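Taking it in order: structure first as structure tokens, then the write-up.
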Amino acid sequence: MIEPRWSGEAKYQLLLAVAQAAHSQRDLSGVLEAVACALEGLVPIDLIGVITHERGGARARAIFLSSDPRRPGESHEAYVRRISEATGATEDTYEHTPVVRDAVERDRRTLVLNDIRNDTRMHGSPLERVGAECVVAVPLTMGEEFVASIVFARTRLLPFPPDEVSILEDVARPVATAVANALAFEEIQKLRSQLEDENLALQEEIAVTAAAGGIIGASAGLRTVLERVARVAATDSTVLINGETGTGKELIARAIHSGSPRAKRPLVKVNCAALPEGLIASELFGHEKGAFTGALHRHRGRFELASEGTIFLDEVGELPPPVQVALLRVLQEREFERVGGDETLRTDARVVAASNRDLEEAAREGRFRSDLFFRLNVFPIQVPPLRERAEDIAILAEYFASQSARKIGKAVRGIGESAMAALCTYPWPGNIRELQNVVERAVILARGSVLDLSDFELPGPRSESLRPALGAPSVDERQQIEKALAASRGRVYGPDGAAESLGMPRSTLESRIRALGIDKNKFRARVPDR
């Protein structure tokens, strides 16, 4: 008899070896392989599997096939998938086989099936599909809790005698803890991966939100802007945002509104440059029925819609003189009338205005009301152009590349070094808006997963003509600018302006004047040398 092999010291040593081997592994396939190795030479086993009983059916959570062990570097999941596919048991979950479910899960007893191919209860079962001939299914429990079934199988007709069934039941007891730990570890890994995915999605959502309602960047110039935004946001003071086209003035306006007590009320935007001159007053202040041809109904203006909120007047410098007068009254008295009406209406909307023009200069030249300028200029915020925020170019470019790739559906992982160097040295006369467009175009043209220099279409001649604006201020540059300002009598742009004579954009010249600390006003009364 072989009974003595399972008794006394030999049995204790076997169970100890099984327990140590099983608990040395974290994944289920590793646990089963360790158990198979411990049983080698004692109980012939061709296949071991762990089956969890779930609401949707049974699920094979791990498999070990002695004739085809796990390959070096092969993951637990890949091994289970490969063996399942090789044996035809490819379903992730399948219906419970009643005889197994009733015996193992419900009654918590060992089930011995020594000829499943001739057992009508097992026809079409997963055990038959994996090639099992003889099976022992043992419940794994932790206290009163059912954990899973462990299945020992032979792929040949070699029935399990009672002594082997007994040792397999004994082996299952220490294995139950290892299986429970492995299942818990697997669930923790799954939850961790899920949390990482959710965190990545949340970061992307935060990035999108920041781009839509906040500002991306870390440069000193941008920090100065944000400090001023933080100081003024909580007040009701009128704000004038100055900056070149494409610098993100609307984002600054949104940040002011979002940080104010009015954040839950509407932010109403008006692009003063986009409205026909004859309709601006109607859009801002509303009109009465019959006020003009086509006025078939009373229309509420933007100041009414912005009640208790904020009205953002973009490109306010483009307002025609009559509307400037009406806006001045709103800022002074908080009163206005609808076009064609005589009822005086009051507004408490906070005014945030923006312009890419030098309104102070326009006021001096009579192209903009000086009293309106002073009313708007209560708290000025100067948004620096992108060329003065060189530290932010890489951050913005990477963000726009990720955003565009997601929108277009391309797998773009980033921007190459040479391409990024070119982006960081280009002067960006169109500022952030131009950068966004250039990066999106590069994503469309991209042939690989990393954007390289050939994917970007940067205007070469234009770039070269603007390149002097990137360098540090020099004595020669100061002299050239001062000479041009003297010749134009302080006029920066327009016909015979300094920008035209120097052959550079007005915005670039304004930037250099500020950087060099030149007082352009002192040239207004001077007559150029002959």
Side-chain angles (χ1 to χ4, degrees), residues 1-8 10-15 17-18 21-22 28-29 31-53 58 60-69 83-84 86-89 94-141 146-176 179:
M1 293 180 62
I2 60 171
E3 182 64 30
R5 295 178 63 189
W6 310 130
S7 60
K11 183 176 181 179
Y12 169 76
Q13 291 298 332
L14 172 64
L15 296 179
V18 168
L28 284 171
S29 291
V31 170
L32 298 188
E33 186 173 358
V35 171
C37 290
L39 290 172
E40 188 175 358
L42 301 173
V43 179
I45 299 294
D46 297 318
L47 183 147
I48 308 178
V50 169
I51 298 173
T52 54
H53 297 201
R61 299 298 292 269
I63 296 175
F64 174 73
L65 191 63
S66 60
S67 63
D68 191 359
I83 296 301
S84 296
T87 56
Y94 48 83
E95 293 184 3
H96 290 288
T97 304
V99 64
V100 178
R101 181 192 60 207
D102 294 346
V104 180
E105 182 180 10
R106 187 187 66 189
D107 300 336
R108 310 287 174 86
R109 63 182 175 85
T110 300
L111 178 68
V112 181
L113 301 165
N114 274 326
D115 187 5
I116 69 171
R117 291 195 179 277
N118 292 316
D119 190 330
T120 57
R121 301 172 301 171
M122 302 299 293
H123 285 171
S125 72
L127 289 171
E128 185 183 42
R129 290 200 297 275
V130 297
E133 295 273 5
C134 304
V135 171
V136 175
V138 184
L140 299 177
T141 58
F146 176 80
V147 176
S149 302
I150 184 168
V151 175
F152 303 93
R154 290 171 178 154
T155 57
R156 51 205 155 135
L157 194 57
L158 180 63
F160 287 94
D163 59 328
E164 290 185 345
V165 173
S166 177
I167 192 60
L168 293 178
E169 288 178 325
D170 289 338
V171 164
R173 294 187 185 98
V175 169
V179 168

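As the structure is a prediction and not an experimental result, all values here were calculated from the model. Just so it is clear, the values below take in all heavy atoms, side chains as well, and ignore hydrogens, waters and symmetry mates.
Counting heavy atoms from C-beta outward, Val151 and Ile48 have side chains that stay 4.5 Å or more apart. Residues Leu157 and Cys134 have side chains in contact (heavy-atom distance under 4.5 Å, counting atoms from C-beta outward).
Minimum interatomic distance between Leu47 and Gly49 (heavy atoms only, all atoms of both residues): CD2-N, 4.2 Å. Residues Ile116 and Ala132 approach most closely at CD1-O, 3.1 Å, considering heavy atoms.
Judged purely by atom type and a 3.5 angstrom limit, Arg154 has no side-chain atom pairing as donor or acceptor with the backbone of Val135.
Remark: Arg108 pairs with no residue by the side-chain hydrogen bond (donor to acceptor under 3.5 Å, both in side chains) rule, at least two apart or across chains. Here Ala172 pairs with Val138, Leu140, Ile150 under the side-chain contact (heavy atoms from CB on, under 4.5 Å) rule; sequence neighbours left out. Legend: residues meeting side-chain hydrogen bond (donor to acceptor under 3.5 Å, both in side chains) with Arg117, ordered by chain and number and at least two apart, are Glu133. Listed by chain and residue number, nothing satisfies the side-chain hydrogen bond (donor to acceptor under 3.5 Å, both in side chains) test with Asp107 (two or more places apart in sequence, or in another chain). Applying the side-chain hydrogen bond (donor to acceptor under 3.5 Å, both in side chains) test to Asp46 and every residue at least two apart in sequence or in another chain returns Thr155, Arg156. With sequence neighbours left out, the ring pair (Phe, Tyr, Trp, His ring centres under 6.0 Å) criterion links Phe160 to no other residue.
Between Arg109 and Glu169, no side-chain nitrogen of the basic residue sits less than 4.0 Å from a carboxylate oxygen of the acidic one, so the salt-bridge criterion is not met.
Between atom CZ of residue Phe146 and atom OG1 of residue Thr141 there is a gap of 9.0 Å, rounded to the nearest 0.5 Å.
The residue from Asn114, Val165, Leu113 that alone fulfils the side-chain contact (heavy atoms from CB on, under 4.5 Å) condition with Val136 is Val165.
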